[in-house]
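The structure appears right after this line, and notes come after that.
Letters A, B, ... mirror the listed sequences (proteins, then strands); counts begin at 1.
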Protein chains: 2
Amino acid sequence: MSPNNQTVFKALADPTRRAIIKTLRKESKTAGAIADEFPITRASLSHHFNILKSADLVRTERRGQHIVYSLNVTVLDDVAAILYDLFSSTDKVSDRS
Amino acid sequence: MSPNNQTVFKALADPTRRAIIKTLRKESKTAGAIADEFPITRASLSHHFNILKSADLVRTERRGQHIVYSLNVTVLDDVAAILYDLFSSTDKVSDRS
DNA sequence: ATGATATTTAGACAAATATCTAAATAATTG
DNA sequence: CAATTATTTAGATATTTGTCTAAATATCAT
């Protein structure tokens, strides 16, 4: 169910996707509202949305003709744990991902 | 001086580089010792070392003909802060990186 | 100095990725 | 239903990236 580390890190590695995350910090927004803030096409943004969804960093909900994107803040905990594990020198079993 | 967010996230986005970080968690190692653990060429690894160094995730020290790689754990704090800022809904000024 | 060992750099190449335009799908409104 | 609006998907393309081989640089040992 939960996305693997590679998916999450790759998702975070693009500046446009991090900016999308930032714009969703305060409130959920429709795809169009997000698109108005970025200088790239809606098709390109849709591509980024897919990657963010794969990483479970955002969730979607259809509201009429709009699709509302929300930040999934619980993933922050996951990423923090991954990073902790990555840098930790303890001997616990790891999935090496 | 400190590397920007993009550099760090890009560095962490590759599984080989994360594995290099993992192998350096317990102790510093020479380039050759690290290379013995990976199925890719030393040239390819050197490329990854450069990226990790650019992100300040590892530090190097020459010891005779060897070059010893060490994990720079202080960056963990930086990355944690970046992530916190990325997901936080507070209003503080951000560099948008 | 010469040869051996350790590591990096240069250049080439295939795969992955971010972007675009055009077309398709989905929901609303007249 | 037809037109409009919102969003995604498909396919193409240029750039980036991870890897390789071959050559260069650096240090050590004889």
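- Taking only side-chain atoms of A:Q65, from C-beta outward, the nucleotide of C:dT5, D:dA6, D:dT19 with the closest atom is D:dA6.
- Counting to the nearest Å, the P atom of C:dA22 and the NE2 atom of A:H47 are 20 Å from each other.
- At the phosphate of D:dA6, neither OP1 nor OP2 sits under 4.0 Å from any side-chain N or O atom of A:Y69.
- The closest donor-acceptor contact from the side chain of B:N72 to the backbone of B:R59 lies at 3.5 Å or more, if one exists at all.
- In this structure a side-chain-to-backbone donor-acceptor pair under 3.5 Å is present from A:R25 to B:S88.
- Mapping A:P39 and B:I67 onto DNA chain C by nearest heavy atom places B:I67 at the nucleotide closer to the 5' end.
- Side-chain atoms of B:T7 and B:N4 form a donor-acceptor pair, as typed in the model, at a separation below 3.5 Å.
- Taking atom CZ of A:R63 as the reference point, atom P of C:dT28 lies 13 Å away to the nearest angstrom.
- Side chain of B:H48, nearest nucleotide from D:dG18, D:dA6, D:dT8: D:dG18.
- To the nearest angstrom, P of C:dT17 lies 17 Å from CZ of B:F9.
- Not one side-chain nitrogen or oxygen of B:S46 sits closer than 4.0 Å to the OP1 or OP2 atom of C:dT7.
- For B:T41, whose side chain is taken as the heavy atoms from C-beta onward, the closest listed nucleotide among C:dT19, D:dT9, D:dC20 is D:dC20.
- Taking atom CD of residue A:E61 and atom C1' of nucleotide D:dT7, one finds them 15 Å apart after rounding to whole Å.
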Intermediate values then yes/no, ring pair (Phe, Tyr, Trp, His ring centres under 6.0 Å), A:F49 and A:Y69: CA-CA 9 Å; A:F49 293 155; A:Y69 281 85; 4.2 Å; yes
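- Nucleic acid contact class of B:A31 (heavy atoms, under 4.0 Å, all strands): sugar-phosphate only.
- Separating the CD1 atom of B:I34 from the P atom of C:dA6 is a distance of 14 Å, rounded to the nearest angstrom.
- Across the protein-nucleic acid pair, A:F49 atom CZ and D:dT9 atom P stand 12 Å apart, rounded to whole Å.
- Residue contacts for A:K10: at a heavy-atom cut-off of 4.0 Å it reaches the sugar-phosphate backbone alone, with no base atom in range.
- Residue contacts shown for B:R17 are limited to sugar-phosphate atoms, with no base heavy atom under 4.0 Å away.
- Checked against C:dT9, C:dA18, C:dA26, the side chain of A:D14 finds its nearest nucleotide in C:dA18.
- Using a 4.0 Å heavy-atom criterion, one finds that B:F38 contacts no nucleic acid atom at all.
- The closest side-chain heavy-atom distance from B:L57 to B:I51 is not below 4.5 Å.
- Between D:dC20, D:dT8, C:dT19, one nucleotide has an atom nearer to the side chain of A:S44 than all others, and that is C:dT19.
- The CD1 atom of A:I40 sits 13 Å away from the C1' atom of C:dT17 (whole-angstrom rounding).
- Rounded to whole Å, atom C1' of C:dT25 lies 16 Å from atom CZ of A:R42.
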